[in-house]
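Ligands are counted one by one from 1 in listed order, and the atoms in each one are counted from 1 as well. This chain uses plain numbering: 1 for the first residue, then up along the sequence. Since the structure is predicted, the reported quantities are computational estimates derived from the model, not experimental observations.
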Amino acid sequence: MGKLAITGGKPVRKEPFSPWPLYTQQEARGLQKVLASRNWGGYPFPNKIAHAFAQKFARFHGAKYGLAVANGTVAIEIALAAAGIKAGDEVIVPAYTWEGTVGPILFLNAVPVFVDIDPTTYCLDAKLLEKALTLKTRAILPVHLAMCFADLDEIGRLARAHNLRVIEDCAHAHGGKWRRKGAGATGDMGCFSFQSSKLMTAGEGGAVITSNLEFYERAQSFMNCGRASMTDRYKHRLIGYNYRMTELQAVILEAQLGRLPKQAKVRQANMDHLEARLRGAPGLGFLERDRRNTRVAAYQYVFKYSPEHFGGIPRAAFLGALQMEGIPCDGLFYEPVYKSALFPVDPRDWPALSWGRAEPLDMKNLYHCPVSERAAYEESVWLPHHIFLGSRQDADDIADAVLKVLEHSEELRGLKHPAIDVKGMSRAERPRVEKRQW
Ligand SMILES: Cc1ncc(COP(=O)(O)O)c(C=O)c1O
């Protein structure tokens with residue numbers, strides 16, 4: 001029997017952390033009201049609560065217009081379509097992100113171009129963009145994650161120089177700010193997700209924000225079966241989908257938005273406390289806080305574990321042990337999309353991958369993004385935001401658990417344990433074994 005819980009010792013933490021999602025009577029009353037109104041859906045578009053929420057959400061982030069949509073994946077598709085991305089166009093994306101950032105590019109028969117991430121932020125490395133540009137590049141799709149922002153200054157400079165659209169994937173960045181401007185409001189459009197794990201949620205849901213009326217009109221048509229937009233100044237006509245949000249979701253999100261700033265402060269204070277306690281621990285690394293990121297959105301607290309420092313003890317063992325100490329955690333949160341089982345791209349399905357080429361683009365083997373691969377398979381540690389919604393003691397428990405596992409890491413050498421197996425599983429495999437995956 002060892003000291004670590006995974007080898008039979010006493011866990012640091014037995015009590016659960018704050019549940020997620022949180023709700024109050026406000027959501028319950030709102031839902032009751034919508035139920036009683038019998039006006040549940042998004043039609044006629046835009047329905048009242050969804051529209052009011054979307055406008056409020058957009059203004060909260062400093063944009064003029066907002067659309068409440070079905071989820072974050074379609075928010076990205078809508079934004080790409082609204083930006084006029086056409087078959088064969090190239091869209092630059094970070095390799096290290098959720099597959100849902102990339103799928104919508106292919107669904108428009110456009111071509112994703114993967115660029116590696118910056119090791120100091122885990123977001124798109126703007127220094128590598130220039131090399132990825134071709135005559136077909138039409139847009140850059142940065143993803144703000146790990147409490148960081150992609151360098152929107154540099155991305156914007158390049159976009160202006162090459163007449164490219166910038167669509168920000170803000171699925172992790174509700175309430176975050178870059179140079180005092182809200183997430184999604186610096187680029188041409190911003191896309192958000194309200195899926196269950198996110199900083200605001202209605203179970204599912206998404207939003208697109210923009211300050212450009214033409215994009216807003218096109219987005220409205222695209223998500224509302226091609227119907228004319230409310231203002232219809234630009235008279236765009238296109239084939240669309242029904243990607244509308246229900247009033248039931250919107251009424252929940254209205255309540256969640258009101259709560260976001262206060263929750264953000266609590267999380268931030270607890271994450272800062274955790275980081276202050278972990279800094280200096282040998283074998284750990286930390287992402288950098290950019291001063292231009294004037295308000296942090298803390299969807300997950302992310303730090304780096306260095307297997308080399310622990311004589312090759314893999315991250316999965318560290319995470320399995322941490323989980324057994326009572327701390328929810330993840331490592332294979334994202335993979336470089338081109339390597340992911342959730343990206344089984346076959347060029348026969350996506351004709352643009354073959355256009356103008358002797359051989360179709362082999363998306364699975366074309367890329368090697370070393371920083372993304374290291375983050376994904378070796379070093380990144382992701383802690384979910386809800387465990388930071390409690391007291392400072394909670395943050396101390398997290399720190400104690402991490403430090404304990406590091407101190408007794410030799411107990412993990414060669415250890416086999418189901419908790420370690422789960423931490424080595426990809427997001428494609430895990431739903432088979434996890435009780436809850438948000
Ligand atoms: C970075 C990123 N982009 C896009 C999405 C897609 O959002 P959704 O799951 O709401 O479709 C997610 C969320 O899961 C995400 O984390």
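Taking the ring centre of Y43 as origin, the terminal cationic atom of R244 falls outside the region bounded by 6.0 Å and 45° from the ring axis. Note that R13 lies in the cation-pi zone of F17, set by a 6.0 Å cut-off to the ring centre and a 45° limit from the axis. The cationic atom of R291 (NZ for Lys, CZ for Arg) does not lie both less than 6.0 Å from the six-membered ring centre of W178 and within 45° of the ring axis.
Between H236 and Y234, the ring planes are parallel. Angles under 30° get that label, and only those over 60° would be called perpendicular.
Between the side chains of E373 and H368, at least one donor N or O lies within less than 3.5 Å of an accepting N or O.
W98 is listed as a side-chain neighbour of R427, based on a closest heavy-atom distance under 4.5 Å. For the pair I140 and L129, the minimum side-chain heavy-atom distance is below 4.5 Å. No side-chain heavy atom of R180 sits less than 4.5 Å from a side-chain heavy atom of R295.
The protein heavy atom nearest to atom 11 (O) of ligand 1 is T73 OG1, 2.5 Å. Of all protein heavy atoms, the one lying nearest to atom 15 (C) of ligand 1 is A171 CB, 3.4 Å.
For a threshold of 3.5 Å applied to N or O pairs, the pair formed by E204 and ligand 1 contains no separation below that value. Any N or O atom pair closer than 3.5 Å counts here, and G72 shares at least one such pair with ligand 1. For ligand 1, one of its N or O atoms has an N or O atom of S193 under 3.5 Å away.
Close approach to V143 involves these atoms of ligand 1, each under 4.0 Å from a residue heavy atom: 1 (C). Taking a cut-off of under 4.0 Å to the non-hydrogen atoms of T97, the atoms of ligand 1 that pass are 1 (C).
Ranked by closest heavy atom to atom 13 (C) of ligand 1, the top entry among Q195, K198, Q300 is K198. Counting heavy atoms only, Y334 comes closest to atom 16 (O) of ligand 1 of the residues Y299, Y334, W98.
The part of D169 lying near ligand 1 is the side chain, judged by heavy-atom distances below 4.0 Å. By the criterion of a heavy-atom distance under 4.0 Å, neither the backbone nor the side chain of V74 is placed next to ligand 1.
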